[in-house]
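Throughout, protein chains are lettered first and strands after them, A, B, ... in sequence-line order, and every chain is numbered starting at 1. These numbers come from the heavy atoms of this one structure, side chains and all, not from hydrogens, waters or symmetry mates.
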There are 2 protein chains.
Amino acid sequence: MPRAKSSSRTELVDNALKTFWTTGYHVVSMGDLVRETGVSRGGIYSDFAGKEALFHACLHRYQDRVVTPVFAQVEAEGAGLEAIRGYLDRLLARFEANQGFGIGCLVLNTLAQIAPEDQQTRALLDQHITRLATGFRNALTNEAATAGGLDENELQALTEFTLISIHGLWSFSRTTADVTLLRQYCEIFLDLLQTRLHSPQAQAR
Amino acid sequence: MPRAKSSSRTELVDNALKTFWTTGYHVVSMGDLVRETGVSRGGIYSDFAGKEALFHACLHRYQDRVVTPVFAQVEAEGAGLEAIRGYLDRLLARFEANQGFGIGCLVLNTLAQIAPEDQQTRALLDQHITRLATGFRNALTNEAATAGGLDENELQALTEFTLISIHGLWSFSRTTADVTLLRQYCEIFLDLLQTRLHSPQAQAR
DNA sequence: CTTGTTTTGGAATGATCGTTCTTTTAGCAT
DNA sequence: ATGCTAAAAGAACGATCATTCCAAAACAAG
């Protein structure tokens with residue numbers, strides 16, 4: 001009969017996630033992971049095929065533990081612009097909770113440092129980005145519907161605009177300790193969405 | 001009497017820059033650099049203290065060879081919104097010239113993957129971001145002056161907004177091969193700047 | 001307590017890293 | 001041509017990497 005594991009393996013992934021997130025995949029060594037997780041080399045390799053497999057597990061855990069809590073409301077049925085505002089508020093609160101420079105988003109950090117030939121990891125990152133895009137499109141579509149609706153092209157453009165803005169927010173959060181700047185950005189961004197969604201004539205070019 | 005070097009060392013840095021840019025600092029090995037630059041290990045170490053010193057030289061070269069050609073017009077005296085539009089056009093043209101996913105900006109890529117304790121590299125990256133911020137503020141200030149002027153706070157907010165938008169553009173360019181999306185984003189972004197700079201009443205909250 | 005099984009901690013391993021060093025090659029002055 | 005000097009090439013080095021393996025500890029069952 002299998003014995004219960006003394007240290008739950010959810011902790012292993014949680015601690016590995018934190019280490020990968022703050023330090024970056026390539027910089028983290030197995031020795032670092034052993035030290036930070038408190039699990040021996042044998043223990044890690046008994047549950048994961050290797051460093052990369054553990055990292056992939058961390059990417060999934062990141063989705064569940066980090067992304068879902070702040071993003072689920074945007075994905076919810078009936079979500080609108082208020083849901084997007086709430087998402088940004090939660091991001092800003094998270095930025096504020098940390099001191100000093102931010103550590104950014106694990107997915108976007110990884111995207112900037114994976115080897116070009118690492119298709120498997122890239123696929124996982126693409127999944128994350130697709131998830132965000134789908135969520136934002138959901139909220140934007142709902143919001144536009146309350147104001148008479150927008151054509152598909154404009155909706156797609158606003159979805160991409162939102163996605164790119166979020167990329168910028170995460171990227172820039174790594175360079176500043178001043179959350180006020182990020183908050184100002186979010187205000188301008190939300191104003192723009194509000195205008196584009198509710199005053200479609202304003203977007204004529 | 002010293003002999004003239006057979007292969008100019010500007011080529012060494014140029015080729016190393018390309019390698020670091022496409023592959024990322026930590027993934028690139030000295031063996032890769034030897035192969036990609038055509039310069040032997042001895043040759044590299046005779047000119048640079050090590051891998052990190054060579055990389056720092058590449059960051060400087062990146063400024064001269066990549067950033068300055070597309071950004072100098074924004075930094076020029078009298079630059080305005082047109083200069084920012086031109087900068088974006090040159091970025092988009094660069095995206096379009098490449099096929100497949102983009103490789104992003106060397107500075108922003110590096111920012112996402114340096115070890116937390118690498119203060120020296122971080123300082124170089126901060127210099128780049130400060131340069132961009134200063135350039136954008138220059139152009140935005142000039143442009144606002146033609147329309148009656150904006151207060152310092154609003155100008156600062158627009159500068160940061162521009163900076164964050166550029167971060168988003170570079171980051172997202174790594175995830176898509178469709179330059180049309182990036183172009184749409186730029187259009188919306190420029191519209192926003194135009195509105196904020198020339199219709200200050202629109203920004204009342 | 002004893003036995004059988006599982007997990008653990010860390011030594012061992014082969015590969016690869018950044019760096020150094022030695023040998024070979026090539027250029028210039030005499 | 002010859003001797004001198006400096007650069008080029010890559011072999012060699014120690015350190016460190018991810019991974020494997022094994023002996024010892026910890027637990028469950030009898």
Side-chain angles (χ1 to χ4, degrees), chain A residues 1-59 110 113-121 124, chain B residues 1-59 110 113-121 124:
Chain A
M1 182 181 295
R3 180 159 54 105
K5 304 188 177 186
S6 68
S7 75
S8 168
R9 283 304 145 81
T10 61
E11 281 186 34
L12 195 171
V13 178
D14 279 341
N15 290 325
L17 165 57
K18 185 182 298 184
T19 306
F20 279 130
W21 194 359
T22 55
T23 311
Y25 178 76
H26 296 292
V27 177
V28 169
S29 70
M30 289 304 291
D32 295 331
L33 291 170
V34 167
R35 181 167 30 79
E36 297 294 327
T37 65
V39 179
S40 70
R41 295 171 128 80
I44 293 176
Y45 277 93
S46 76
D47 283 16
F48 298 96
K51 183 185 176 186
E52 192 176 26
L54 173 57
F55 180 67
H56 288 170
C58 289
L59 283 176
T110 305
Q113 61 189 285
I114 54 170
E117 63 272 15
D118 186 356
Q119 303 286 345
Q120 203 176 352
T121 301
L124 292 177
Chain B
M1 180 180 293
R3 180 159 52 105
K5 304 186 176 184
S6 68
S7 73
S8 168
R9 284 304 145 84
T10 61
E11 281 186 33
L12 196 172
V13 179
D14 280 340
N15 290 324
L17 165 57
K18 185 182 297 185
T19 305
F20 279 130
W21 194 359
T22 56
T23 310
Y25 178 77
H26 295 292
V27 178
V28 169
S29 69
M30 289 303 292
D32 294 331
L33 290 170
V34 167
R35 181 168 30 81
E36 297 294 326
T37 66
V39 180
S40 71
R41 296 172 125 81
I44 293 176
Y45 278 91
S46 75
D47 284 16
F48 298 96
K51 183 186 176 186
E52 192 177 26
L54 173 57
F55 180 67
H56 289 169
C58 289
L59 283 176
T110 304
Q113 60 190 287
I114 53 170
E117 63 271 17
D118 186 355
Q119 303 286 346
Q120 204 177 350
T121 301
L124 291 176

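A donor-acceptor pair under 3.5 Å is absent between the side-chain atoms of B:Asp14 and the main chain of B:Glu11, judged by distance alone. A donor-acceptor pair is defined here as one N or O able to donate and one able to accept, closer than 3.5 Å; no such pair exists between the side chain of A:Lys18 and the backbone of A:Glu36.
One interatomic measurement links the two molecules: NE2 of B:His26 to P of C:dG18, which rounds to 11 Å at whole-angstrom precision. In this structure, the OH atom of B:Tyr45 is 18 Å from the P atom of D:dA12, given to the nearest Å. Summarising the geometry, the separation between CE on B:Met30 and P on D:dG10 is reported as 15 Å, rounded to the nearest angstrom. At whole-Å resolution of the value, NZ in A:Lys51 and C1' in D:dT20 are 17 Å apart. Between the P atom of D:dT19 and the CG atom of A:Leu33 lies a distance of 11 Å, rounded to the nearest Å. For B:Arg35 and D:dA9, the CZ to P distance is 16 Å, given to the nearest whole Å. In this structure, A:Leu54 atom CG and D:dT19 atom C1' are separated by 14 Å, rounded to whole Å. A:Phe48 has its CZ atom 16 Å from the P atom of D:dA18, to the nearest Å.
Closest approach to the B:Ser40 side chain among C:dT19, D:dA8, D:dA18 is made by D:dA8 (side chain taken as heavy atoms from C-beta onward). Closest to the side chain of A:Ser29, out of D:dC17, D:dT19, C:dG18, is D:dC17.
Counting non-hydrogen atoms under 4.0 angstrom, A:Gly50 reaches the backbone sugars and phosphates but no base. Looking at heavy-atom distances under 4.0 Å, A:Val28 makes contact with sugar-phosphate atoms alone, never a base.
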Checklist entry - Would A:Asp32 and A:Thr23 count as a side-chain contact (heavy atoms from CB on, under 4.5 Å) if you check the C-alpha gap in whole Å, the side-chain angles of each, and the deciding distance to 0.1 Å? => result CA-CA 10 Å; A:Asp32 295 331; A:Thr23 311; 5.7 Å; no
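In this pair, B:Tyr25 and B:Phe55 present their aromatic rings tilted. The plane angle is within the 30 to 60° band.
In this model, a side-chain donor or acceptor of A:Arg41 finds a partner on the base of D:dT19 within 3.5 Å.
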